[in-house]
*Asks:* 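Following this message is one structure expressed as structure tokens.
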Amino acid sequence: MRDLHIHIERGPYTVEWIEQFINKAEKEGLDEICLLEHSIRFTDFHSTFKEAREYNLYQKRWFEGKEKSAHTLDEFKALAEKIRDRDYPVKVSFGLEICYFEQHIDEIKQLTSDGFFDYILGSVHWIDNWTFNQRKYQWLGRDINEIYKRYFEMQNTLVESGVFDIIAHPDLITCHSLYPTYNLEDTYKLLCENIKANNVMLEMNTSKSLGINEQFFNIAKEVGVNFSTGSDAHRVEDVGRGIKDVTRLINS
């Protein structure tokens, strides 16, 4: 069992902090964990948020708050090297969850080109620089059908970019329980076929039930995509959450 989506952002870059995650993973019977950070947590990536930062006042204030506690990639890599030099009963991998901005894909490629990280997760948190998932009221007056269409367009270009190993929480767009008026069957099938063709894993993210909705999951299984499993834990106590159940579902 693998939990390939664990955030370490609530603690310091120390071996002692990381070992709390490892100990919890061992108790959960996990074989592998991937410890990572959001790209906003690194000053190296801040230029990729340029347009999103200036999109509106809410997003500017959000960015400024994140900016105060940002690290550098080199600091994170130094921490990873310390852990990689030690032996643990659980395989410990390191990765990044990168906010995907189409206009900055060349910069994202450059920042990840050294191959240091075990897994690069790509996430569509922003639709053309607009944060759709942070506040439901931000959808007021917007065309839900158009939002969904653009979201999945970006999911497909993310998969085709050649940068990412995993497409994280691929139906995050449903986070506010707002849905389009059209059936998403063809949309899901096109994305899953693209995922398989580009050798990317589709994440079953257990922070939301068993990862993706039943229709999406059944299509993914039928197409034959490779799945990854992740708790999206932001706390030590959430490591491994739901991984056993979702692994069983994938293998059923």
Side-chain angles (χ1 to χ4, degrees), residues 2-9 13 15 18 21 32-54 63 66-67 69-86 91-129 131 150-170 172 191-203 205 225-230 232 234:
R2 302 189 297 173
D3 188 344
L4 300 184
H5 192 154
I6 299 171
H7 294 274
I8 64 168
E9 62 187 31
Y13 280 8
V15 171
I18 298 303
F21 292 90
E32 181 182 6
I33 58 175
C34 179
L35 305 175
L36 48 75
E37 290 265 55
H38 288 287
S39 53
I40 189 64
R41 296 275 295 158
F42 301 109
T43 56
D44 312 63
F45 279 95
H46 282 182
S47 58
T48 67
F49 290 83
K50 178 182 177 182
E51 294 87 357
R53 177 180 186 171
E54 301 303 324
F63 181 91
K66 296 294 184 181
E67 196 172 31
S69 59
H71 293 276
T72 66
L73 276 176
D74 284 343
E75 289 176 300
F76 188 41
K77 289 177 179 179
L79 173 65
E81 291 285 19
K82 290 179 182 178
I83 298 300
R84 285 172 172 173
D85 285 340
R86 297 167 179 247
K91 181 180 178 180
V92 183
S93 297
F94 282 85
L96 300 171
E97 181 183 359
I98 297 175
C99 282
Y100 175 62
F101 296 98
E102 287 178 330
Q103 71 271 30
H104 293 294
I105 190 59
D106 289 340
E107 186 173 355
I108 291 170
K109 285 181 178 179
Q110 184 177 359
L111 288 166
T112 57
S113 62
D114 63 359
F116 179 88
F117 293 102
D118 302 290
Y119 299 99
I120 303 295
L121 284 66
S123 300
V124 177
H125 283 112
W126 311 78
I127 298 176
D128 296 325
N129 308 307
T131 176
R150 183 62 182 132
Y151 175 80
F152 282 102
E153 284 177 1
M154 292 184 65
Q155 295 267 46
N156 279 290
T157 60
L158 181 158
V159 167
E160 294 166 357
S161 69
V163 173
F164 304 101
D165 303 298
I166 297 170
I167 180 169
H169 41 65
L172 181 64
L191 177 60
C192 289
E193 289 174 344
N194 211 0
I195 287 170
K196 184 176 181 180
N198 286 278
N199 198 31
V200 175
M201 288 185 283
L202 184 145
E203 182 182 74
N205 187 303
V225 306
N226 291 319
F227 292 98
S228 71
T229 53
D232 211 341
H234 286 67

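As the structure is a prediction and not an experimental result, all values here were calculated from the model.
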*Asks:* Answer yes or no: is there a side-chain heavy-atom contact under 4.5 Å between E37 and I8?
*Replies:*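 Sidechains of I8 and E37: in contact.
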
*Asks:* Please determine whether a side-chain nitrogen of the Lys or Arg among E102 and R150 lies less than 4.0 Å from a carboxylate oxygen of the Asp or Glu.
*Replies:*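 Counted as a salt bridge, because a side-chain N and a carboxylate O are separated by less than 4.0 Å.
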
*Asks:* Please report the interatomic distance OG(S123) to CG(L158), rounded to the nearest 0.5 Å.
*Replies:*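 That separation rounds to 8.0 Å.
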
*Asks:* If you draw a 6.0 Å radius around CD in Q110, do more than 12 non-hydrogen atoms from other residues or ligands fall strictly inside?
*Replies:*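 Atom CD in Q110 is not crowded, with 12 or fewer foreign heavy atoms closer than 6.0 Å.
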
*Asks:* With heavy-atom distances below 4.5 Å as the criterion, would you say the side chains of I33 and R2 are in contact?
*Replies:*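 A side-chain contact under 4.5 Å is absent here.
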
*Asks:* Answer yes or no: is there a side-chain heavy-atom contact under 4.5 Å between C99 and F45?
*Replies:*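 A side-chain contact is absent here, since even the closest heavy-atom pair is not under 4.5 Å.
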
*Asks:* Residues two or more places apart in sequence or in another chain: which of them pass side-chain hydrogen bond (donor to acceptor under 3.5 Å, both in side chains) with E51?
*Replies:*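 Q103, H104.
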
*Asks:* Between K196 and E193 (salt bridge meaning N to carboxylate O under 4.0 Å), is one present in this structure?
*Replies:*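 So K196 does not pair with E193 through a salt bridge.
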
*Asks:* In Å, rounded to the nearest 0.5 Å, how long is the span from OG1 of T48 to CD1 of I98?
*Replies:*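 If we round to the nearest 0.5 Å, T48:OG1 and I98:CD1 are 8.5 Å apart.
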
*Asks:* Minimum heavy-atom separation for C192 and V225, please, with both atom names.
*Replies:*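 For C192 and V225, the tightest heavy-atom pair comes out as O-CG1, 3.5 Å.
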
*Asks:* Just how far is it from atom CD of E9 to atom OG of S69, taken to the nearest 0.5 Å?
*Replies:*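 So the gap between those two atoms works out to 8.5 Å.
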
*Asks:* Identify the two heavy atoms, one from N205 and one from E203, that lie closest to each other, and give their separation to 0.1 Å.
*Replies:*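 Scanning both residues completely, I find the closest heavy atoms to be ND2-OE1, 2.8 Å.
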
*Asks:* What is the minimum heavy-atom distance between Y151 and L172, and which atoms define it?
*Replies:*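 The answer is OH-N, 3.2 Å.
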
*Asks:* Report the C-alpha distance between M201 and Y119 in whole Å, list the side-chain angles of each, state the deciding distance to 0.1 Å, and finish with yes or no for side chain to side chain contact (heavy atoms under 4.5 Å, CB included).
*Replies:* CA-CA 10 Å; M201 288 185 283; Y119 299 99; 4.1 Å; yes

*Asks:* Can you tell me how far apart NE2 (H71) and NZ (K77) are? Round to the nearest 0.5 Å.
*Replies:*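 Going from the NE2 atom of H71 to the NZ atom of K77 covers 15.0 Å.
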
*Asks:* Is there side-chain contact between I18 and Y13, with at least one heavy-atom pair below 4.5 Å?
*Replies:*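 They are not in contact (no side-chain heavy atoms under 4.5 Å apart), so the answer is no.
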
*Asks:* Working note: D165 + F117, criterion side chain to side chain contact (heavy atoms under 4.5 Å, CB included); need CA distance, chi angles, decisive distance, verdict.
*Replies:* CA-CA 11 Å; D165 303 298; F117 293 102; over 6 Å; no

*Asks:* Okay, side chain of D44, backbone of T72: is any donor-acceptor separation there less than 3.5 Å?
*Replies:*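 Side chain of D44 to backbone of T72: no pair is present.
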
*Asks:* Walk me through it: do F42 and L111 pass the test side chain to side chain contact (heavy atoms under 4.5 Å, CB included)?
*Replies:* CA-CA 11 Å; F42 301 109; L111 288 166; over 6 Å; no

*Asks:* Do the rings of H7 and H234 sit parallel, tilted or perpendicular, given the 30° and 60° boundaries?
*Replies:*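 The rings of H7 and H234 lie parallel, inter-plane angle below 30°.
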
*Asks:* Roughly how far, to the nearest 0.5 Å, is OH of Y100 from CD1 of I108?
*Replies:*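 Taking CD1 in I108 and OH in Y100, the distance rounds to 7.5 Å.
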
*Asks:* What heavy-atom pair brings V200 and I167 nearest, and what distance separates the two atoms?
*Replies:*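 The pair with the smallest heavy-atom distance is CG1-N, 3.8 Å.
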
*Asks:* Is N226 close to N199 at the side-chain level, that is, under 4.5 Å between some pair of heavy atoms?
*Replies:*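 In short, these two side chains touch, coming nearer than 4.5 Å.
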
*Asks:* Does any non-hydrogen side-chain atom of F21 lie less than 4.5 Å from one of V92?
*Replies:*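 The answer is no, as the side chains (C-beta and beyond) never meet within the 4.5 Å cut-off.
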
*Asks:* Please determine whether side chain to side chain contact (heavy atoms under 4.5 Å, CB included) holds for the pair L4 and T229, giving the CA-CA distance in whole Å, both sets of side-chain angles, and the decisive distance to 0.1 Å.
*Replies:* CA-CA 6 Å; L4 300 184; T229 53; 5.5 Å; no

*Asks:* Locate the shortest heavy-atom distance separating G95 from F76; write the atom from each residue and the value.
*Replies:*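 The answer is O-CE2, 3.4 Å.
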
*Asks:* Roughly how far apart are N156 CG and S161 OG, rounded to 0.5 Å?
*Replies:*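 Here the rounded value is 11.5 Å.
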
*Asks:* Do L73 and F116 touch side chain to side chain, with heavy atoms closer than 4.5 Å?
*Replies:*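 The answer is no, as the side chains (C-beta and beyond) never meet within the 4.5 Å cut-off.
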
*Asks:* When you check the side-chain N and O atoms of H5 and E97, is any donor under 3.5 Å from an acceptor?
*Replies:*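 Looking only at side-chain atoms, E97 and H5 do form a donor-acceptor pair, the distance falling under 3.5 Å.
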
*Asks:* Do I40 and H46 make a side-chain contact, defined as non-hydrogen atoms from C-beta onward lying under 4.5 Å apart?
*Replies:*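 Heavy-atom side-chain distance check passes, below 4.5 Å.
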
*Asks:* Under a 4.0 Å N-O cut-off, is there an ion pair linking K50 with E107?
*Replies:*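 The answer is no: the pair does not qualify as a salt bridge.
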
*Asks:* Under 4.0 Å between a side-chain nitrogen and a carboxylate oxygen: does that hold for K91 and D118?
*Replies:*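 So K91 does not pair with D118 through a salt bridge.
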
